[in-house]
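Report on one structure; see the data block that follows.
Here the structure is a predicted model, which means the values were calculated and not measured. Because only heavy atoms are used, hydrogens play no part in the values below, and waters and symmetry mates are left out as well, while side chains stay in.
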Amino acid sequence: MRPRMSDIKQVRLPQFHDQAESVRGQFLQALPVIVYFLVMFYTVILLYGTQYTMVVSLGTLVFQSNYKKKHSVRSLVLLVLQQMFLAALAYIATWNLALTLILNLTVPFWLIFSKASQFNQLGYFSTLMPFTFLQLIPLSWEEFLVQYQAMGLCCAMVFAAILIYPKLVRKKSGICTERQVMQLLGCILEKSLNHEELEDDLKELFRLQRLLYQEAAQKRGKTHIVTTKGKLQYMFASLIQRTTYLVSTQSHVLLPAAEEDRQLALMMAEYMKEAGTVDFLSGDRDATMHLETRGRELLHMAEKRRDIFHRHVTTFFRMFLFILHQADIQEEGLLSEQWEVPAGHRFRERLLARFRPDTFEMRFALRMSIVLMTGMVFNQLFPEGHSYWFVMNAFLLLRPMYEDSNYRMRTRFIGTAAGCLILSLILPFCESTGSHLLLAGIMVVCMYTATPGTITHALFVTCFALTMTTLAIQETTAMLLRMAYVAASVLFVLVVNRFFFPTSMGSQFRYNFQMLFHMHHMYLRILEDSLTHPMDYWRICDAQIQYHLVHAQIRKDLPGAEKDEKDRAYFLKILEVAWCMASEVQQMFFLVKHKKRGADERRIMERYIWYTDYVLNQIQEMLHLKKEKKLKNIAGMKYQRFIPGEPELSSLMTQYARNLSRLYVLVLRRVR
């Protein structure tokens with residue numbers, strides 16, 4: 001039986017409506033960027049001419065990358081100065097081939113190493129693209145001064161627009177992550193006391209806990225020193241990680257049997273939910289005074305007894321009240337020496353450690369330098385016929401990950417071909433310069449509405465570029481050159497990605513897994529060092545933030561790196577056990593710090609650490625990961641996982657050892 005036409009319409013209309021709503025949403029989201037581009041596009045044409053419109057795209061990129069961020073006047077001034085400095089470097093790079101090679105080798109390294117990482121892979125883009133694109137057409141000194149003035153105008157408009165935008169768009173800000181976590185913890189504690197289902201709540205709690213460390217990492221500052229705000233967020237993230245560990249793996253300690261203890265747990269749950277209604281990290285004294293008073297009352301109640309439940313409640317309130325106190329007295333930039341990363345460590349860990357062929361930054365910087373040096377030399381040797389399209393497309397197609405680059409090669413080529421075809425039908429109706437500029441404006445609206453990297457986006461990019469180019473050359477010639485240079489850049493980038501320091505999602509996933517185990521060894525070194533030396537908070541803060549960023553990145557990349565469902569479940573289990581071990585050793589840091597121990601206790605702890613190091617190394621060997629160096633010989637060594645007279649530390653040591661055994665057995669079964 002054939003379907004009726006009315007039935008087909010009923011099916012298709014909702015789909016069309018959903019697509020229309022999606023496009024409308026994308027347009028509204030891109031509207032500030034579209035308005036900025038169109039205003040600057042026609043302003044630059046009016047003041048300087050069509051030959052300088054390249055700077056508008058670059059200014060728009062800077063605006064697009066920053067207008068949603070919180071900027072001070074000082075940070076915006078630095079942003080503008082950096083863009084102007086890069087514009088000057090780009091001009092210098094066009095003087096001769098030697099400078100072209102030198103600057104296109106060093107500048108990509110500088111920008112990728114300072115702004116990008118495996119956790120922020122495109123951090124380089126908004127600075128390296130202006131440096132690259134402003135080299136494409138060599139200029140005389142007089143032309144450069146005009147271009148520099150146009151670039152300065154675009155940057156000045158970026159400065160003004162970013163300051164004005166938040167005042168024009170007064171959106172109600174959402175609840176910050178810290179408050180969401182406190183509300184959720186209150187609900188989880190209440191539900192656990194009532195024996196309700198917690199699976200979905202725990203998943204959300206783990207997600208928010210990872211987000212807390214990501215936000216703390218963003219507050220580290222450009223000099224890699226924890227800002228006061230970042231210090232508070234890090235301390236809160238550490239507290240929540242410990243609490244998350246308790247409610248997910250040690251939940252029995254939060255289920256008191258006595259009615260009096262149950263009432264204390266309920267009051268704690270109510271307190272957490274109340275804290276979720278207060279912006280307690282803002283330093284607002286009036287907002288946090290009641291929280292501090294009520295928190296001290298609950299702390300006093302918890303301190304009356306010393307069983308495991310009351311010890312955990314006491315620990316939570318002591319640290320949370322300390323965070324409230326620090327938020328109340330915070331002064332931006334005020335840090336103790338224990339929190340400041342030493343200059344030698346910053347240089348060694350932040351720079352020298354990345355100059356290895358297996359790091360994300362090194363591999364991508366080398367590929368980018370090869371592409372830019374080769375492309376710019378070609379552009380200088382063969383300046384005729386829009387040869388700059390070759391290096392421009394190669395820059396846009398080269399992405400940190402092989403899979404992303406491959407996807408963009410396909411979409412760019414297909415989108416360019418489709419754009420040439422569509423424009424060949426439209427351009428005959430555009431005979432005047434005004435009609436060309438109007439069509440270019442329409443294409444800009446479509447271009448910024450489309451999702452970057454898709455065929456649709458490449459189509460409108462091509463239409464915009466050819467609309468402007470055909471003002472100077474014949475349309476058939478422009479389209480043939482565009483297709484030829486896109487095809488050449490696709491082949492060039494394909495070769496570079498395959499044979500010059502390739503980085504795929506699979507290889508990066510494996511590198512991150514190696515890093516995860518290496519950081520467990522680092523934790524043990526910190527724990528061993530803290531037995532005899534004062535604890536460096538910067539070292540612990542650095543290690544914890546890095547660990548949780550790597551852990552979150554592995555979870556994020558797992559679906560793409562492992563296609564088989566059983567393999568994904570296996571790696572998720574490893575991540576789960578490793579997360580518990582990290583939580584346990586991080587709690588050991590602070591128990592070790594607060595008590596001096598005799599020689600016998602230190603020896604027990606040292607042997608425990610050395611034995612754990614050895615077992616971790618065996619697991620790495622079974623996983624075919626790079627083993628650690630300089631491990632102690634444990635042959636004949638007496639091993640115990642408890643210290644007499646220290647029940648809390650012994651409990652953590654025992655739990656850590658059990659999880660290490662779980663991990664060993666899990667990997668061994670897989671290997672066999």
Report summary line: d(Leu185 CG, Gln209 CD) to nearest 0.5 Å is 10.5 Å
Report task. Answer yes or no: is there a side-chain heavy-atom contact under 4.5 Å between Arg641 and Arg658? Result -> yes
Query raised in the report: So how far is it from Asn120 CG to Lys115 NZ, rounded to the nearest 0.5 Å?
Result: 10.0 Å
Query raised in the report: Within 45° of the ring axis of Tyr664 and under 6.0 Å from its six-membered ring centre, is that where the NZ or CZ of Arg669 lies?
Result: no
Query - Any residue meeting side chain to side chain contact (heavy atoms under 4.5 Å, CB included) with Leu572, in chain and number order, not counting sequence neighbours - result: Arg555, Leu558, Leu575
**Report entry** Step-by-step salt bridge (Lys or Arg N to Asp or Glu O under 4.0 Å) determination, Glu274 to Arg294
**Finding:** CA-CA 10 Å; Glu274 183 182 356; Arg294 182 60 177 154; 5.8 Å; no
Requested in this report: Using ring-ring contact (aromatic ring centres under 6.0 Å, His included) as the criterion, list what pairs up with Tyr656, not counting sequence neighbours.
Outcome: none
Query raised in the report: Can you check side-chain hydrogen bond (donor to acceptor under 3.5 Å, both in side chains) on Trp579 and Glu584, steps first, answer last?
Result: CA-CA 9 Å; Trp579 181 89; Glu584 287 148 3; over 6 Å; no
Query raised in the report: Yes or no on side-chain contact (heavy atoms from CB on, under 4.5 Å) for Thr359 and Arg363, after CA distance, side-chain angles and deciding distance?
Result: CA-CA 6 Å; Thr359 63; Arg363 299 178 76 83; 5.7 Å; no
Query raised in the report: Quick one: are Phe571 and Glu576 in side-chain contact, heavy atoms under 4.5 Å?
Result: no
Query raised in the report: Have Ser117 and Glu361 got a donor and an acceptor in their side chains that come within less than 3.5 Å?
Result: no
Report task. Please report the C-alpha distance between Phe517 and Leu623 in whole Å, then the side-chain angles of each, then the deciding distance to 0.1 Å, and finally whether the side-chain contact (heavy atoms from CB on, under 4.5 Å) criterion is met. Result -> CA-CA 11 Å; Phe517 278 89; Leu623 288 169; 3.6 Å; yes
Report summary line: With sequence neighbours left out, the residues meeting salt bridge (charged side-chain N to carboxylate O under 4.0 Å, His left out) with Glu178 are none
**Report entry** Tyr124/Phe113 aromatic ring centres below 6.0 Å
**Finding:** no
Requested in this report: Work out which heavy atom in Tyr523 is nearest to a heavy atom in Ala582; give both atom names and the distance.
Outcome: CE1-CB, 4.0 Å
Query raised in the report: What distance separates Phe317 CZ from Glu292 CD, expressed to the nearest 0.5 Å?
Result: 13.0 Å
Query raised in the report: Do Gln241 and His548 have side-chain atoms, one donor and one acceptor, less than 3.5 Å apart?
Result: yes
Query raised in the report: Taking 4.0 angstrom as the limit, do Asp567 and Arg670 come out as a salt bridge?
Result: yes
Query - All ring-ring contact (aromatic ring centres under 6.0 Å, His included) counterparts of Tyr402, not counting sequence neighbours - result: none
Query - From His551, Gln118, Gln553, residue fulfilling side chain to side chain donor-acceptor pair (under 3.5 Å) relative to Asn512 - result: Gln118
Query raised in the report: Within a strict 4.5 Å, meaning less than it, do heavy atoms of the Leu212 and Tyr234 side chains meet?
Result: no
Query - Arg367 versus Pro400, closest heavy-atom pair with distance - result: NH2-O, 2.8 Å
Report task. Quick one: list whatever passes side chain to side chain donor-acceptor pair (under 3.5 Å) with Ser504, sequence neighbours left out. Result -> Ser507
Query raised in the report: Are Leu291 and Tyr271 close enough, and set up right, to give a side-chain contact (heavy atoms from CB on, under 4.5 Å), and what steps lead you there?
Result: CA-CA 8 Å; Leu291 279 182; Tyr271 178 85; 3.9 Å; yes
Query raised in the report: Can you list the residues that meet the salt bridge (charged side-chain N to carboxylate O under 4.0 Å, His left out) rule with Glu528, with sequence neighbours excluded?
Result: Arg525
Requested in this report: Kindly say whether the aromatic ring centers of Phe364 and Phe501 come within a distance under 6.0 Å.
Outcome: no
Query raised in the report: Quick one: does Arg242's side chain get under 4.5 Å of Met319's, heavy atoms only?
Result: no
Query - Set of residues satisfying salt bridge (charged side-chain N to carboxylate O under 4.0 Å, His left out) with respect to Lys203, sequence neighbours excluded - result: Glu199
Requested in this report: Find out whether Leu239 and Phe322 are in side-chain contact, i.e. whether some heavy atom of one side chain is under 4.5 Å from a heavy atom of the other.
Outcome: no
Requested in this report: Only counting residues at least two apart or in another chain, list the ones meeting salt bridge (charged side-chain N to carboxylate O under 4.0 Å, His left out) with Arg603.
Outcome: Asp600
Requested in this report: Using a strict 4.0 Å threshold on nitrogen-to-oxygen distance, state whether Arg602 and Glu606 make a salt bridge.
Outcome: no
Query raised in the report: Would you say the side-chain atoms of Glu303 and Thr314 include a donor-acceptor pair closer than 3.5 Å?
Result: no
Query - 4.5 Å side-chain heavy-atom contact, Arg399 and Leu122 - result: yes
Query raised in the report: Between Gln586 and Gln544, is any side-chain donor less than 3.5 angstrom from a side-chain acceptor?
Result: yes
Query raised in the report: Closest approach of Ser650 and Ile643, non-hydrogen atoms and distance?
Result: OG-N, 2.8 Å
Requested in this report: Rounded to the nearest 0.5 Å, what's the gap from NE2 on His521 to CD1 on Ile609? Could you check?
Outcome: 13.0 Å
Requested in this report: Calculate, to the nearest 0.5 Å, the distance between atoms CE and CG belonging to Met368 and Leu111 respectively.
Outcome: 10.0 Å
Query raised in the report: Any Lys/Arg nitrogen of Lys191 or Asp201 sitting under 4.0 Å from an Asp/Glu carboxylate oxygen of the other?
Result: yes
Query raised in the report: Which pair of non-hydrogen atoms, one from Tyr608 and one from Thr612, has the smallest distance, and what is that distance?
Result: O-OG1, 2.7 Å
**Report entry** Contact check, side chains of Ile604 and Arg607, non-hydrogen atoms, under 4.5 Å
**Finding:** yes
**Report entry** Distance-only polar pair, side chains of Glu621 and Asn617, donor-acceptor under 3.5 Å
**Finding:** no
Report task. Under the side chain to side chain contact (heavy atoms under 4.5 Å, CB included) rule, collect the residues that match up with Lys626, sequence neighbours excluded. Result -> Gln514
Query raised in the report: So how far is it from Leu208 CG to Gln214 CD, rounded to the nearest 0.5 Å?
Result: 10.5 Å
Query - Contacts of Tyr614 that satisfy ring-ring contact (aromatic ring centres under 6.0 Å, His included) - sequence neighbours left out - result: none
Query - With His520 via ring-ring contact (aromatic ring centres under 6.0 Å, His included) - residues at least two apart - result: Tyr547
Query raised in the report: Would Tyr245 and Gln587 count as a side-chain contact (heavy atoms from CB on, under 4.5 Å) if you check the C-alpha gap in whole Å, the side-chain angles of each, and the deciding distance to 0.1 Å?
Result: CA-CA 10 Å; Tyr245 170 80; Gln587 291 178 60; 3.4 Å; yes
Requested in this report: Work out which heavy atom in Asn659 is nearest to a heavy atom in Cys580; give both atom names and the distance.
Outcome: ND2-CB, 3.7 Å
Query raised in the report: With the threshold set at 4.0 Å, does a side-chain nitrogen-carboxylate oxygen contact exist between Arg568 and Glu562?
Result: no
Requested in this report: Report yes if the side chains of Met267 and Met301 come closer than 4.5 Å at any heavy-atom pair, otherwise no.
Outcome: yes
Report summary line: Note: Asn194 and Arg262 closest approach over all heavy atoms is OD1-NH2, 3.2 Å
Report task. Quick one: list whatever passes side chain to side chain donor-acceptor pair (under 3.5 Å) with Gln618, sequence neighbours left out. Result -> none
